[in-house]
Amino acid sequence: MDLEKLVEQGINSLLFTAPVLGPDLERFLEQQGQALRKLAQQAVEEKVTHIYWVGSGNSQINLLSGKYLLDKFSDIPSDCFTSYEFVWSNPKRLSEKSWVFLASFSGATEDTVVALRHARAKNAKTIVLVNKADSLMGKEADVVFAYESKALYILPLAAAYLFALELARLQGNTEVEPIIRDLDKVPNLLKRQYLEEKEPAKNLAEQFKKETIFYTLGSGVLYGLAYKFGLTVFMENMRVHGSFMNAVEFRHGPAEMLDRAKPSFVILQGNDESRMVVARVIDLLRSQEVPLIVYDMAKYPDIHPLLAPFALMIPLQWFAVYSAFMRGITDLDERVLMGRGIMGKGNGITWP
Ligand SMILES: O=P(O)(O)OC[C@H]1O[C@](O)(CO)[C@@H](O)[C@@H]1O
């Protein structure tokens with residue numbers, strides 16, 4: 001089938017969020033931004049002792065930014081867990097003075113429902129970010145943010161950013177103000193990128209369509225986005241082998257594999273503190289002549305460096321969409337194992 005026809009059909013798929021990211025983020029910030037800021041105020045007033053961020057896959061790694069920003073700018077301790085790890089680790093500090101944010105698009109993912117019930121059993125306050133308020137998790141949580149969109153990575157990411165930055169601002173941190181201001185510029189950037197990044201991504205996908213292994217590397221503020229594409233999108237939706245690695249860890253072992261084979265690499269390079277070390281990894285990979293794609297935040301000097309996960313999302317997604325089509329995947333939402341009741345168990349559970 002004609003590639004452009006597939007793209008046209010793909011616009012309605014759940015995976016391909018790029019067409020709605022700009023408008024949906026704009027709406028989300030407009031409609032729910034105030035409530036998120038109020039929640040941050042409440043956290044400060046109530047002297048919350050610990051904030052947990054919990055989810056699975058995309059719906060965990062977007063929340064990691066909440067911990068990253070709280071650690072960097074606030075004095076509230078915070079941890080981010082995959083849902084089952086949260087339950088198994090059963091942190092001793094988890095109490096009625098803790099707040100637990102949980103994200104889930106379906107609101108019915110086995111792991112995260114179990115985590116929500118665990119947090120409730122410990123009397124922690126539970127705040128869920130779900131697509132629909134009437135989902136299983138929406139009905140059981142104390143506070144619900146229903147984002148009403150397929151943008152399951154970007155909208156909870158924005159919620160985590162706004163909550164954490166506002167909390168730090170209320171604690172007197174002035175460094176966060178430019179980041180909060182630039183967050184408002186992101187919807188327009190995403191609208192523009194949806195149009196501008198299509199052709200370059202198509203060419204890149206063409207160039208890489210024979211590659212069978214993709215390692216995706218990112219560090220610092222881009223750790224989460226690299227994890228998202230390396231661990232979920234490329235493997236889950238392009239169905240290629242590969243994995244995610246923290247870019248700073250590459251010199252500590254993985255580099256040696258290049259002696260035997262030269263798999264392809266996708267590197268996300270931020271404008272934050274991680275930039276120079278990641279640049280050294282890029283130089284090393286270039287010297288070894290591996291197939292390499294670099295997504296560089298330097299292309300967006302008008303956006304605060306800490307907003308990189310928003311700025312690099314659409315170029316990567318366009319690449320994944322074209323790559324999937326070029327590999328014979330015509331339905332971007334089709335799964336071979338996930339969502340079929342094979343891997344998720346429990347009453348009302350729908351995923352994975
Ligand atoms: O957001 P939910 O519904 O909890 O689902 C999480 C799942 O969705 C994905 O993010 C995308 O399918 C997976 O990585 C993960 O298994």
Side-chain angles (χ1 to χ4, degrees), residues 61-74 80 153-154 157-158 160-161 164-165 168 173-183 185-186 189-190 192-193 196-197 200-201 204 208 214-231 233-234 242-255 258 263-320:
I61 211 63
N62 43 14
L63 298 185
L64 180 65
S65 294
K67 168 182 164 52
Y68 192 82
L69 296 168
L70 285 181
D71 285 350
K72 209 170 179 57
F73 296 121
S74 87
C80 183
Y153 175 77
I154 287 288
L157 179 76
Y161 263 74
L165 293 171
N173 189 315
T174 49
E175 273 177 277
V176 297
E177 282 166 11
I179 316 175
I180 298 176
R181 269 201 308 276
D182 276 7
L183 187 57
K185 292 188 199 162
V186 172
L189 171 71
L190 298 176
R192 221 176 49 237
Q193 283 179 313
E196 290 175 0
E197 296 296 335
L204 215 50
F208 280 76
F214 284 82
Y215 288 111
T216 310
L217 276 59
S219 280
V221 74
L222 283 167
Y223 177 99
L225 191 70
Y227 180 102
K228 168 188 166 54
F229 277 90
L231 202 89
V233 181
F234 293 162
S243 194
F244 156 76
M245 279 182 230
N246 187 331
V248 290
E249 284 291 86
F250 185 71
R251 295 171 300 122
H252 297 281
L258 298 178
S264 55
F265 286 80
V266 176
I267 313 258
L268 314 194
Q269 187 177 22
N271 255 346
D272 62 340
E273 297 86 343
S274 66
R275 184 169 185 86
M276 293 325 289
V277 178
V278 174
R280 281 160 54 197
V281 175
I282 293 171
D283 288 346
L284 177 72
L285 290 169
R286 287 207 169 115
S287 74
Q288 298 300 306
E289 299 181 350
V290 301
L292 172 66
I293 306 176
V294 178
Y295 290 95
D296 189 350
M297 185 59 189
K299 194 172 165 191
Y300 305 100
D302 297 339
I303 297 285
H304 194 284
L306 291 182
L307 293 170
F310 294 93
L312 299 188
M313 161 79 185
I314 287 186
L316 276 151
Q317 193 181 75
W318 264 123
F319 173 73

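Given the structure is predicted, the values throughout are model-derived calculations rather than measurements. As a basis for the values below, the full set of heavy atoms in this structure was taken, side chains included, without hydrogen atoms, waters or symmetry mates.
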message: Aromatic contact between Phe250 and Tyr215, with the criterion being ring centroids under 6.0 Å apart: yes or no?
response: no
message: Which label fits Phe208 and Phe319: parallel for a plane angle under 30°, tilted from 30 to 60°, or perpendicular past 60°?
response: perpendicular
message: I need the minimum non-hydrogen distance between Cys80 and Leu63, along with the two atoms involved.
response: SG-C, 4.3 Å
For the student: nearest non-hydrogen atoms of Met297 and Gly270, plus distance: CB-CA, 3.8 Å
task: Measure the spacing between CG of Leu312 and NZ of Lys299 and express it to the nearest 0.5 Å.
output: 9.0 Å
task: Working to the nearest 0.5 Å, report the span between CG of Leu165 and CG of Leu306.
output: 8.5 Å
- prompt: Going by heavy atoms in the side chains, are Leu157 and Pro309 under 4.5 Å from each other?
  reply: yes
task: Any chance you could measure Leu222, atom CG, to Phe229, atom CZ, to the nearest 0.5 Å?
output: 11.5 Å
- request: Could you check if a side-chain atom of Gln317 sits within less than 4.5 angstrom of a side-chain atom of Glu197, using non-hydrogen atoms only?
  value: no
Close aromatic pair by centroid cut-off 6.0 Å: Tyr161 and Phe310: yes
task: Please round to the nearest 0.5 Å and tell me the distance separating atom NZ of Lys72 and atom CD of Glu175.
output: 8.0 Å
- prompt: Does Asp272 reach the main-chain N or O of Gly220 with its side chain, forming a donor-acceptor pair under 3.5 Å?
  reply: no
query: Do Gln193 and Tyr300 meet the criterion of a side-chain donor-acceptor pair at a distance under 3.5 Å?
result: yes
- prompt: Leu316 versus Leu268: any side-chain heavy-atom pair under 4.5 Å?
  reply: yes
message: Can you confirm whether Asp296 sits close enough to Arg275 that some side-chain heavy atom of one is under 4.5 Å from a side-chain heavy atom of the other?
response: yes
query: What do you reckon, are the aromatic ring centroids of Phe234 and Phe244 less than 6.0 Å apart?
result: no
Asp182/Lys185 salt bridge by N-O under 4.0 Å criterion: yes
- prompt: In Å, rounded to the nearest 0.5 Å, how long is the span from CG of Leu285 to CG of Leu217?
  reply: 7.0 Å
task: Report yes if some heavy atom in the side chain of Ile282 is under 4.5 Å from a heavy atom in the side chain of Phe265; otherwise report no.
output: no
